[in-house]
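Each remark here refers to the structure printed beneath this line.
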Amino acid sequence: MKKSNVTGWKDVFTFTLIQTLKSKAFIVSFVIFIILATVSMPVLSMIMNKDDAKVEDGTNPIQKVYINDKVTWSNGSFLPALNQENLKHIKFEALTEDYDTVVNRIEQEENTSVIVNIAETESTFQLDFIKASKGDVKESNVQTLSGALLEAFDAYRINQLGITPEQLSMIQANVATSVTLADQSGNAVVIEDTSISDSQYMFVFGILFVILMVNVMASSQIASSIVSDKSSKVLEYLLTSVKPLAIMIGKILAMLTAVILQFAATIVCVLISNTVTTKVFSTTGENMISEYLPSGIFDNVNPLNIILCLAVVILGMIFYATLAGLAGATASRIEEASESLTLFTFTNLIGAYIGMGAASVLMASGTNGFVTFALLFPLSSPFLLPGAMFVGKVSVGLSILSIVLLVIFMILLFKFVAKVYETLILHNGSRIGLKELVKISKNV
């Protein structure tokens, strides 16, 4: 790739970036992202703390519980007195009236009461809760009561059986088993558990999803911009002073910059919203985001890991953006843009799905050959490696090797693009397919 072929890319970059930032579509989408990011934390806090607020305020709407005790050895004597602050106001009464009469009364008038049916089978005890279909008593209120009532019923059973605390402690003692592998010499072989937890998997998947969305948005805008310029006189004007390859490089970097700025501003708004929400809504002072992140996630955050992750993500986005630019250049009309992006979309999804599969394997069985392949493969490493590194499952050496492979793939892709792009950018006929691209690269 000669230097003269890319001369002027900075001018294209500046022009494209300014036009993109001034466009109505970008401004509207930017405002929508900012608004959603700003209100996300308060809305999440209100949703998650709605039931907790009722518990903390002692406003559980259940006022009376009818105990319908059908256990033979109990003789209807189970009438608990709950000590929990949010439940101690509830009155318990043995059901002595007709069952259907009480059910109808709860449904029509006494909708702050519930019925608990306690039945015994051959091997289990069943506690069924009956509440009104309408009214202030919600499913979450009944679930809160059921947990406390189940605990009280277990204590009642133990007391009825005359089991002492010492005997109960012995009965409930955990029994642990382990299997140890040994080598030929009889020495124990220690196998490290490299799997990740459910919360760590969700964290890895979340980062993968965000990178995928940024990739798709940036790449589709790049392809559309190139096709739009080809079908207008803008490209003809640019070609009078700038080489075609410089046009593509400038457009790719400009569109990537615009999308990254959009998402960076969104993330900043989420962090600001999180800080304000924590101070205003949180009664414990606990950070909203850290409450849902895996424990110890920040133990692996250091300058070196951040630099390596950013390098992988940026190189991966440039790689995919170059593919999108190449795909956009194969079309001559806006109507052909979606069709020309089919191969790019397929390639993008292959990388993302390999990353998702490797994340699932990492959760199920830990690090293995497939996970290592996904971390090194240039199509999947930009999606998987950042999240896996932050949960402590990627070494520095593996990250550097992944970056080297990405650079090699990018060099090969740019060499190919340098051969075919000038022909593509000047082409105004039918859409060029993959076979025609290969022929063009051989003939140049």
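Keep in mind the model is a prediction, meaning the values are calculated, not measured.
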Do the non-hydrogen side-chain atoms of [X] and [Y] ever get within less than 4.5 Å of each other?
X    : Y    : result
F416 : L326 : yes
I106 : V114 : no
T112 : K64  : no
I207 : P386 : yes
L308 : V312 : no
F319 : L379 : yes
K131 : K138 : no
N305 : N302 : yes

[X] (side chain) donor-acceptor with [Y] (main chain) under 3.5 angstrom:
X    : Y    : result
H89  : I62  : yes
S380 : G351 : no
E107 : S133 : yes
S29  : F26  : yes
S273 : V270 : no

Could you state the interatomic distance from [atom1] ([X]) to [atom2] ([Y]), rounded to the nearest 0.5 Å?
X    : Y    : atom1 : atom2 : result
E139 : T144 : CD    : OG1   : 10.5 Å
L304 : S399 : CG    : OG    : 8.0 Å
M213 : L208 : CE    : CG    : 9.5 Å
T38  : N274 : OG1   : CG    : 12.5 Å
I211 : M317 : CD1   : CE    : 8.5 Å
L149 : F153 : CG    : CZ    : 9.0 Å

Which word best sums up how the rings of [X] and [Y] line up, parallel for under 30°, tilted for 30 to 60°, or perpendicular for over 60°?
X    : Y    : value
F203 : F390 : perpendicular
Y320 : F383 : tilted
F373 : F377 : parallel

Problem set entry | Any donor-acceptor N or O pair under 3.5 Å, side chains N111, E109 |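 Not at all, the side chains of N111 and E109 share no donor-acceptor pair under 3.5 Å.
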Exercise. Taking atom types as modelled and ignoring hydrogens, do the side chains of E110 and S113 form a donor-acceptor contact shorter than 3.5 angstrom?
Worked result: yes
For this session: Search all heavy atoms of L256 against all heavy atoms of A321 and return the closest pair with its distance.
Result: CD1-CB, 3.9 Å
Problem set entry | Least distance between heavy atoms, L375 atom then A388 atom |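 Reported closest heavy-atom pair: CD2-CB, 4.1 Å.
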Exercise. Are the aromatic ring centres of F263 and F33 under 6.0 angstrom apart?
Worked result: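 Yes; F33 has its ring centre under 6.0 Å from that of F263.
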For this session: For E151, look at atom CD and say whether over 12 heavy atoms of other residues, nucleotides or ligands are found less than 6.0 Å away.
Result: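 No.
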Exercise. Is it true that atom CZ of F370 has more than 12 heavy atoms of other residues, nucleotides or ligands lying nearer than 6.0 Å?
Worked result: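 Count over threshold, so yes.
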